[in-house]
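What's counted below: heavy atoms across the whole structure, side chains too, no hydrogens, waters or symmetry copies.
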Amino acid sequence: MTATPGSAATPGPADDASAGLVLPDIRAEAERLASAALAAGLPLRLMGGLAVWLASPSVRQPPFARAYADLDFAAASRARSPVKAFFEAQGYVPEKLFNALHGAQRLNYAAPHGGWTIDVIFDELAMSHRLDLRDRLAGPGATIPLADLLLTKLQIWEINDKDLGDALCLLADHAVSPGPDGGAAPGSATPGPAVLDVRRIGAVLGADWGFGHTVEGNLSRVARLWAERRPPAAAFDVARQVAALQEAIEAAPKTLGWKARARVGERVRWYETPEEVRH
């Protein structure tokens with residue numbers, strides 16, 4: 001996600017010590033912040049590209065290694081005040097105008113050196129589809145659970161190469177299987193025991209035909225990308241992982257709402273655009 005510029009406060013003398021906490025490398029800083037949030041017991045977890053970087057060694061080397069411009073976190077709205085205090089204590093400068101206008105759903109912060117921004121969403125990710133994260137932010141991992149992390153990538157209707165590569169690397173490094181799905185552990189250089197929990201993915205998509213339809217199309221794109229480019233040390237065959245995930249999605253129980261929307265199909269648009277979500 002890309003943070004929206006606002007009017008950031010100018011750090012004063014009281015900010016100098018906390019500003020010194022911020023590391024110069026965004027990847028090391030992502031790990032530091034995610035670990036600090038976990039240690040503080042906050043319902044605040046890393047998501048986005050840097051969460052994939054923390055979870056999946058395959059994204060750290062060619063052909064999928066890339067630069068990162070910002071950090072994304074998901075938080076529980078019940079902890080809004082502690083989350084605000086956390087980022088300011090870590091040396092980040094609030095985007096005051098943006099936060100005043102949109103603080104019920106999102107917060108933006110800027111690094112004191114201007115190198116990157118932080119975007120915090122509360123309770124759900126609302127992009128092409130809506131992913132409810134309220135009960136997914138208190139696990140043992142420093143990131144949102146891996147199944148949710150994969151869904152944040154595959155829910156994008158107009159998906160780009162970076163997000164496809166992130167999804168592929170998650171599938172290359174983690175088994176598609178029923179739980180545990182606790183998220184990436186800080187400091188891990190190899191895949192942890194957490195898996196891509198098909199129970200969670202099936203439950204989300206079995207209740208939302210449109211979300212599932214987008215994910216199915218993007219899984220086919222991931223399989224095609226795997227045929228063209230592969231991380232050299234992948235732990236799993238991504239084509240087989242995609243097939244297993246497609247099978248699990250097909251077999252998952254479907255709600256009455258899913259069945260009613262499936263009858264309509266593509267005659268009515270099933271996804272939102274970023275512009276509509278922002279407004």
Side-chain angles (χ1 to χ4, degrees), residues 1 3 17-60 68 70-94 105-112 115-125 131-153 166 169-170 173-175 179-197 200:
M1 291 181 295
S18 57
L21 295 172
V22 179
L23 300 176
D25 182 271
I26 192 171
R27 294 162 296 185
E29 179 65 0
E31 187 167 356
R32 183 188 76 83
L33 287 173
S35 299
L38 192 62
L42 288 172
L44 173 69
R45 296 294 183 268
L46 185 66
M47 58 183 292
L50 281 160
V52 178
W53 182 87
L54 190 60
S56 290
S58 288
V59 85
R60 301 184 181 194
Y68 298 92
D70 51 31
L71 297 95
D72 299 304
F73 284 84
S77 58
R78 60 181 169 79
R80 186 176 282 105
S81 293
V83 165
K84 287 180 178 179
F86 171 80
F87 282 111
E88 291 184 36
Q90 296 300 322
Y92 283 83
V93 185
Q105 292 82 35
R106 289 172 62 186
L107 296 171
N108 282 177
Y109 292 87
W116 54 75
T117 56
I118 291 176
D119 189 10
V120 184
I121 61 164
F122 288 110
D123 293 341
E124 68 172 13
L125 175 68
L131 179 62
D132 188 341
L133 294 167
R134 285 174 293 181
D135 297 326
R136 310 291 290 172
L137 300 169
T143 71
I144 61 173
L146 301 185
D148 296 279
L149 186 55
L150 181 64
L151 286 171
T152 66
K153 297 296 177 177
D166 283 349
C169 289
L170 285 169
D173 293 334
H174 302 279
D181 66 346
S188 176
T190 58
V195 302
L196 296 161
D197 184 6
R200 166 64 173 173

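Looking at every heavy atom in both residues, L196 comes nearest to L146 through CD2-O, 3.4 Å. Minimum interatomic distance between R106 and D119 (heavy atoms only, all atoms of both residues): NH2-OD2, 2.8 Å. Between G139 and L38, the closest heavy-atom pair is O-CD1, 3.9 Å. The shortest non-hydrogen separation linking V195 to A175 is CB-O, 3.3 Å. Here the closest non-hydrogen pair linking V83 and A75 is CG2-CB, 3.9 Å. In this structure, H174 and A55 approach most closely via the heavy-atom pair NE2-O, 3.0 Å.
Exactly one of L33, I144, L50 qualifies for a side-chain contact (heavy atoms from CB on, under 4.5 Å) with F73. That residue is L33. Under the side-chain contact (heavy atoms from CB on, under 4.5 Å) test applied with W116, the options Y68, Y92, Y109 reduce to a single match, Y92.
Within the 4.5 Å cutoff, the side chain of P94 has heavy atoms near those of the E88 side chain. Annotation: side chain of L131 is in contact with side chain of T152 (closest heavy-atom distance under 4.5 Å). For the pair V22/P112, a side-chain contact is recorded, criterion being any heavy-atom separation below 4.5 Å from C-beta on.
For residues 39-54, no pair satisfies salt bridge (charged side-chain N to carboxylate O under 4.0 Å, His left out), with sequence neighbours left out.
Checked against side-chain contact (heavy atoms from CB on, under 4.5 Å), A28 has the following partners two or more places apart in sequence or in another chain: L23, D25. Among residues two or more places apart in sequence or in another chain, the side-chain contact (heavy atoms from CB on, under 4.5 Å) test is passed with A37 by L44, F86. In this view, R200 and D148 satisfy the salt bridge (charged side-chain N to carboxylate O under 4.0 Å, His left out) rule, not counting sequence neighbours. For R32, the salt bridge (charged side-chain N to carboxylate O under 4.0 Å, His left out) partners are E29, not counting sequence neighbours. Every residue two or more places apart in sequence or in another chain was checked for a ring-ring contact (aromatic ring centres under 6.0 Å, His included) with F122, and none qualifies.
Separating the OG1 atom in T143 from the CD atom in E31 is a distance of 11.5 Å, to the nearest 0.5 Å. Here CG of L46 is found 6.5 Å from CG of L54. Values are rounded to the nearest 0.5 Å. D123 CG to Q105 CD: the interatomic distance, rounded to the nearest 0.5 Å, is 9.5 Å.
For D166 (side chain) and G49 (main-chain N/O), no donor-acceptor pair under 3.5 Å exists by modelled atom type. Using modelled atom types, one side-chain atom of D173 and one backbone atom of S58 make a donor-acceptor pair closer than 3.5 Å.
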**Q.** side-chain contact (heavy atoms from CB on, under 4.5 Å) evaluation trace for I121 with M47
**A.** CA-CA 10 Å; I121 61 164; M47 58 183 292; 3.8 Å; yes
